[in-house]
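Written below as structure tokens is the structure these notes are about.
Order of listing sets the numbers, starting from 1, for every ligand and every atom in it.
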Amino acid sequence: METRPPYSKSARLENDNDHNHSAVPLDEVLACSTSELPGRTSRKRLKIDGRDILIIKYGVNYYAMDSVCYHAGGPLYDGDIEELGGRLCLVCPWHKYKVCVDTGQNYYQSVDPFHPKTSVKWTAGSQRQRTHAVRVHEGNIYLKLTDRDGTLDSDKYNTEKQDNL
Ligand code: FES
């Protein structure tokens with residue numbers, strides 16, 4: 001099954017006074033224009049520095065995370081965006097795992113076996129899907145990748161290394 005997109009070009013910003021990028025921190029990457037995510041809810045998949053990234057717009061908020069599902073490499077980028085138990089989640093089409101878009105935590109309903117009818121509650125587990133910092137400035141979306149911060153389960157499905165497997 002094909003899981004890779006026709007990637008968009010991104011541009012790493014340089015410390016170049018000629019281009020007047022002084023307002024943009026050096027560790028941020030220009031991802032795209034906000035006009036590329038129209039409407040109240042939209043998404044855009046792109047590749048930045050060899051990483052498969054999904055940008056999600058929901059209302060006035062923007063989120064970024066690894067595109068491919070941490071569980072088994074499913075197309076999380078195509079999943080439904082749902083508000084569940086007060087959290088905004090992406091639901092993976094393959095096995096219906098839910099991922100919080102702001103934190104990358106897996107999200108599930110837990111049950112106290114001694115009180116199964118009254119104890120069902122939404123619970124956020126540990127971070128499994130890598131998220132990335134998003135900043136919107138003058139109609140552009142900038143990302144700060146977090147791929148140098150330890151290892152997460154989604155890393156193995158969202159890098160150039162995975163492309164070559
Ligand atoms: S691959 Fe996404 S839930 Fe299994």
Side-chain angles (χ1 to χ4, degrees), residues 1-10 29 31-32 34 36-136 141-165:
M1 178 175 183
E2 178 60 49
T3 61
R4 299 292 167 196
Y7 291 117
S8 301
K9 277 275 185 197
S10 66
V29 174
C32 62
T34 54
E36 295 177 64
L37 288 98
R40 173 169 163 66
T41 304
S42 58
R43 69 188 80 188
K44 181 177 179 64
R45 188 180 179 197
L46 66 170
K47 198 167 192 177
I48 296 176
D49 287 351
R51 192 157 197 109
D52 195 337
I53 306 279
L54 181 68
I55 301 174
I56 297 168
K57 177 186 176 188
Y58 192 77
V60 296
N61 298 313
Y62 292 84
Y63 307 90
M65 59 168 44
D66 285 352
S67 294
V68 179
C69 184
Y70 74 87
H71 174 228
L76 185 63
Y77 51 84
D78 272 341
D80 290 339
I81 299 171
E82 298 183 12
E83 288 187 53
L84 301 167
R87 302 288 300 270
L88 187 64
C89 298
L90 204 50
V91 182
C92 183
W94 278 11
H95 309 107
K96 306 302 180 189
Y97 279 29
K98 295 149 187 72
V99 178
C100 297
V101 299
D102 56 344
T103 62
Q105 292 169 285
N106 66 325
Y107 199 53
Y108 57 94
Q109 287 188 300
S110 62
V111 179
D112 177 348
F114 297 106
H115 304 93
K117 290 186 177 173
T118 59
S119 66
V120 178
K121 63 176 184 178
W122 284 103
T123 303
S126 59
Q127 183 181 10
R128 311 293 291 276
Q129 193 79 11
R130 186 174 294 283
T131 55
H132 305 279
V134 183
R135 186 170 70 92
V136 177
I141 299 172
Y142 299 89
L143 300 184
K144 182 177 180 181
L145 302 190
T146 62
D147 54 355
R148 290 170 187 82
D149 302 341
T151 301
L152 290 174
D153 292 348
S154 67
D155 291 344
K156 63 178 176 275
Y157 296 112
N158 291 279
T159 63
E160 293 283 358
K161 188 176 177 186
Q162 172 64 20
D163 289 343
N164 296 327
L165 290 178

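- For the pairing with His71, the side-chain hydrogen bond (donor to acceptor under 3.5 Å, both in side chains) check across Tyr157, Trp94, Tyr97 returns one residue only, Tyr97.
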For residues 55-64, which side-chain N or O atoms pair as donor and acceptor with protein atoms under 3.5 Å away, sequence neighbours left out?
unit_1: Lys57; atom_1: NZ; unit_2: Leu37; atom_2: O; d: 3.3
unit_1: Lys57; atom_1: NZ; unit_2: Gly39; atom_2: O; d: 2.7
unit_1: Tyr58; atom_1: OH; unit_2: Glu83; atom_2: OE2; d: 2.6

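- In terms of modelled atom types and a separation under 3.5 Å, the side chain of Ser154 and the main chain of Arg130 share a donor-acceptor contact.
- Within a radius of less than 2.8 Å around atom 2 (Fe) of ligand 1, the protein N, O or S atoms are Cys69 SG, Cys92 SG.
- At distances below 3.5 Å, at least one donor-acceptor pair connects side-chain atoms of Gln105 with backbone N or O atoms of Gly125.
- A donor-acceptor pair is defined here as one N or O able to donate and one able to accept, closer than 3.5 Å; such a pair exists between the side chain of Thr146 and the backbone of Thr131.
- Side chain of Gln129 to backbone of Leu152: no donor-acceptor contact under 3.5 angstrom is found.
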